[in-house]
Amino acid sequence: MQQPNQDWLARSRRAVWHPCTQMKKHEQLPIVPIARGEGAWLVDFEGRRFLDGVSSWWVNLFGHANPRINAALVDQMNTLEHVILAGFTQKPVVELSEQLGELTGLGHAFYGSDGASATEIALKMSYHYWRNHGQDSKTGFVSLQNSYHGETLGALSVTDVPLFSATYAPLLRQTHRVMSPDWRLAEPGENAEAYARRAADSLEALFKTHAADLAAFIVEPLCQGAAGMAMYHPAYLHRARALCNEYKVHLIADEIAVGFGRTGTLFACEQADIKPDFICLSKGITGGYLPLSAVLTTDEIYAAFYADDVSLGFLHSHSYTGNALACRAALEVLQIFKDNDVLATNRQKATTVAPDFAHLTAHPRVKNARQLGMIWAFDVIDTKIGFAGRLFEAALARGVLLRPINNTIYLMPPYVVTAAELKQVFNTLLALLDEGLS
Ligand SMILES: *Cc1c(COP(=O)(O)O)cnc(C)c1O
């Protein structure tokens, strides 16, 4: 017999330290116990269903308990679950590395377990590259205002979300911040592209004075997720690529959240027609099944580490580097993209629901409506402190899992969501705004 919700809730509060959470909050706010998942839906122990509007923290692509990924994993489990990747190799890691190489135009896939470890790997590789070239002074990093690249100490140093980083400031490296191209910050009358170009000018100003001390510029292409789905014009990336070339600073594309079709193309960088020096991948890479991240880079950077001297090599590792099960899940994800023409289907779905989204965002309390690929977002005006929590609870009570970021409401569903389900979410949100939730 299944235990009711209540048991799991109390036991979780006692035994589990939940992420990104002030635990005391759960004296009032219930933790939601999930018994199982089914496509875009999560189901609790009492049979209540919630549409997973945040793809379980931006990781799920093809639904919960996906039959194809399940079958691939069962097969892999019965063959080889994991083997040390130093000195050994296996089929899933080789095939995945080859395919990611083809898809990104980069290569030499280096694996970690989480997004933050991919950020660490890219930062270390960039610095080490310059060092191997005798340019020891290039130790600095640049990131955007309101950037998010993960929460380990190195990654947090290039993250600009004070709620997450301010407490740890004494432990973090000083890094440079440049103007965000987020079009919501444009001057009245200035369009997104003009604003993006102005933001790029400020990057150039920093490069002019500091390039000799800079290893890399790290950026979330097209959409700064944790900033509240802050979207920007691809002209910024195009210009940033040119500036990084001119001033000899690496460009690290953090596609951890936006990769694998989220912005409408397989990788967001494609929309700016640029190739970064490093690409960081994670989250959707395994369809939301298993922790896996990868960093791919250029032949030229790889070559700087290739030598008789051991210390010139990249001696970084994680125990689960290149885990066979995770790589196999990722291979199945790539196969689903091919077999189901996922990008075209998503485009079609977004077009179908566009009038419904426009209807929702015509509400007088909505501003800055934006949509990119499978991300819908808008900001709500006239909100009071604690709005995000209240909206979370109200939406959950109506069967939708949403986690607003401050006064930004966003929807980032698994790609298996239907147009009817999307419309249902928009209607729910419209009802909540009409009821005056603030
Ligand atoms: C989530 C995220 C990370 C960190 O990934 P984790 O797996 O949570 O460590 C890094 N960069 C971006 C853009 C992200 O959205």
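Keep in mind it's a predicted model, so treat the numbers as computed, not measured. Reckoned from all heavy atoms, side chains included, excluding hydrogens, waters and symmetry mates. Counting starts at 1 for both ligands and their atoms, in listed order.
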Starting from [atom], what is the nearest protein heavy atom, named by residue and atom, and what distance separates them?
atom                    : answer
atom 11 (N) of ligand 1 : Asp254 OD2, 2.7 Å
atom 9 (O) of ligand 1  : Ala116 N, 2.8 Å
atom 15 (O) of ligand 1 : Lys283 NZ, 2.6 Å
atom 6 (P) of ligand 1  : Gly115 N, 3.4 Å

**Message:** Salt bridge check, Arg197 against Glu193: does any charged N sit closer than 4.0 Å to a carboxylate O?
**Reply:** yes
**Prompt:** What part of Tyr148, side chain, backbone, both or neither, has a heavy atom within less than 4.0 angstrom of ligand 1?
**Reply:** both
**Item:** Gap between atom CE of Met374 and atom CG of Leu343 - 0.5 Å precision
**Value:** 10.5 Å
**Asked** Parallel, tilted or perpendicular: which describes the rings of Phe357 and Phe378, with under 30° parallel and over 60° perpendicular?
**Response** tilted
**Message:** Just to check, does Trp58 reach to within less than 4.0 Å of ligand 1 when the distance is taken from its heavy atoms?
**Reply:**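 Yes; Trp58 lies near enough to ligand 1 that a heavy-atom distance drops under 4.0 Å.
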Name every donor-acceptor pair, under 3.5 Å, that has one atom in a side chain of residues 392-400 and the other anywhere in the protein, sequence neighbours excluded.
residue : atom : partner : partner atom : Å
Arg398  : NH1  : Glu435  : OE2          : 3.1
Arg398  : NH2  : Glu435  : OE1          : 2.7
Arg398  : NH2  : Glu435  : OE2          : 3.3

**Message:** Which of the numbered atoms in ligand 1 are under 4.0 angstrom from any heavy atom belonging to Gly150?
**Reply:**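 Here the atoms of ligand 1 in question are 4 (C), 10 (C).
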**Item:** Single hit among Ser293, Ser282, Ser97 for side-chain hydrogen bond (donor to acceptor under 3.5 Å, both in side chains) with Tyr111
**Value:**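 Among Ser293, Ser282, Ser97, the one that satisfies the side-chain hydrogen bond (donor to acceptor under 3.5 Å, both in side chains) with Tyr111 is Ser97.
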